[in-house]
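Along the sequence shown, residues carry numbers from 1. Hydrogens, waters and symmetry mates are skipped; everything else that's a heavy atom, side chains included, is used.
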Amino acid sequence: QLQLVESGGGLVQPGGSLRLSCAASGFTVADYALGWFRQAPGKEREGISCISKGGLTKYAVSVKDRFTIYRDNAKNTVNLQMSSLKPEDTAVYYCAVDPGASWYYAGLSASDYDYWGQGAQVTVSS
């Protein structure tokens, strides 16, 4: 019953911005730790950002100060605001949920997460 659907991907020029949204069904995003991951061609899936039940956040060094993760509880979504985008950010972006995390825990390891969306393509190119 638990389901995640990403949206908001697309083509953006270097230096531009995009906001990805992950719509949750079957659960309430406020009650779970959530994460954003990405996978570029030929590379492993990597953690980008995560947010704990209590709102604590983490960011990969590659996106720190450029990306922001946040919940929109009214819409039951978790979002990733991306700015100052670089060609190296081109990837498929996935949201995921960790049902078993404590209120303060969120991690950037994919193995922590049990449920995943289908992904959204983000292409940064001129």
Side-chain angles (χ1 to χ4, degrees):
Q1 188 175 351
L2 193 154
Q3 188 172 334
L4 301 164
V5 179
E6 299 93 341
S7 64
L11 176 65
V12 63
Q13 294 185 347
S17 299
L18 278 177
R19 181 171 61 242
L20 299 178
S21 294
C22 178
S25 61
F27 73 102
T28 301
V29 298
D31 295 335
Y32 295 93
L34 302 148
W36 281 97
F37 297 78
R38 68 186 182 187
Q39 188 164 20
K43 295 186 177 180
E44 294 293 316
R45 188 170 298 187
E46 60 180 353
I48 302 302
S49 184
C50 55
I51 183 168
S52 73
K53 295 177 182 179
L56 302 177
T57 59
K58 296 179 181 177
Y59 297 92
V61 295
S62 59
V63 306
K64 188 176 181 180
D65 300 325
R66 298 191 298 120
F67 291 11
T68 302
I69 187 171
Y70 65 97
R71 293 179 173 93
D72 186 335
N73 291 336
K75 297 180 180 179
N76 202 34
T77 63
V78 60
N79 306 283
L80 186 70
Q81 178 66 47
M82 304 182 292
S83 63
S84 301
L85 284 162
K86 306 173 181 179
E88 305 90 88
D89 296 318
T90 296
V92 177
Y93 285 70
Y94 301 87
C95 61
V97 60
D98 178 5
S102 63
W103 80 270
Y104 57 84
Y105 178 80
L108 294 177
S109 175
S111 63
D112 291 340
Y113 295 83
D114 296 327
Y115 302 97
W116 296 80
Q118 293 298 307
Q121 177 70 48
V122 172
T123 302
V124 184
S125 176
S126 60

Looking at side-chain heavy atoms only, is the closest gap between [X] and [Y] below 4.5 Å?
X      : Y      : value
Val122 : Arg38  : no
Val29  : Thr77  : no
Val12  : Met82  : no
Glu6   : Leu20  : no
Tyr104 : Leu56  : yes
Trp36  : Val78  : yes
Arg45  : Trp116 : yes
Asp72  : Asn79  : yes

Partners of Thr28 by side-chain hydrogen bond (donor to acceptor under 3.5 Å, both in side chains), sequence neighbours excluded?
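side-chain hydrogen bond (donor to acceptor under 3.5 Å, both in side chains) list for Thr28, sorted by chain: empty.
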Of all residues at least two apart in sequence or in a different chain, which pass the side-chain hydrogen bond (donor to acceptor under 3.5 Å, both in side chains) check with Tyr105?
Asp112
Gln118 atom CD, neighbour heavy-atom count above 12 within 6.0 Å:
no
Nearest-0.5 Å distance, [atom1] of residue [X] to [atom2] of residue [Y]:
X     : Y      : atom1 : atom2 : value
Arg66 : Ser17  : CZ    : OG    : 10.0 Å
Phe67 : Thr57  : CZ    : OG1   : 14.0 Å
Arg19 : Thr68  : CZ    : OG1   : 11.5 Å
Lys75 : Ser21  : NZ    : OG    : 7.0 Å
Leu85 : Ser125 : CG    : OG    : 12.0 Å
Leu34 : Leu4   : CG    : CG    : 7.5 Å

Shortest non-hydrogen contact from [X] to [Y]?
X      : Y     : answer
Leu80  : Ser49 : CD1-CB, 4.2 Å
Leu108 : Cys50 : CD2-SG, 3.7 Å
Tyr93  : Ala91 : CD1-O, 3.4 Å

Report yes or no: do [X] and [Y] belong to one cluster of Ile/Leu/Val/Met/Phe/Trp/Tyr joined by side chain heavy-atom distances under 4.5 Å?
X      : Y      : result
Ile48  : Tyr115 : yes
Ile51  : Phe37  : no
Tyr113 : Tyr59  : no
Ile69  : Phe27  : yes

Ignoring hydrogens and angles, tell me if any N or O in the side chain of [X] forms a donor-acceptor pair with the backbone of [Y] under 3.5 Å.
X      : Y     : value
Ser84  : Gly15 : no
Ser52  : Ala33 : no
Thr123 : Thr90 : no

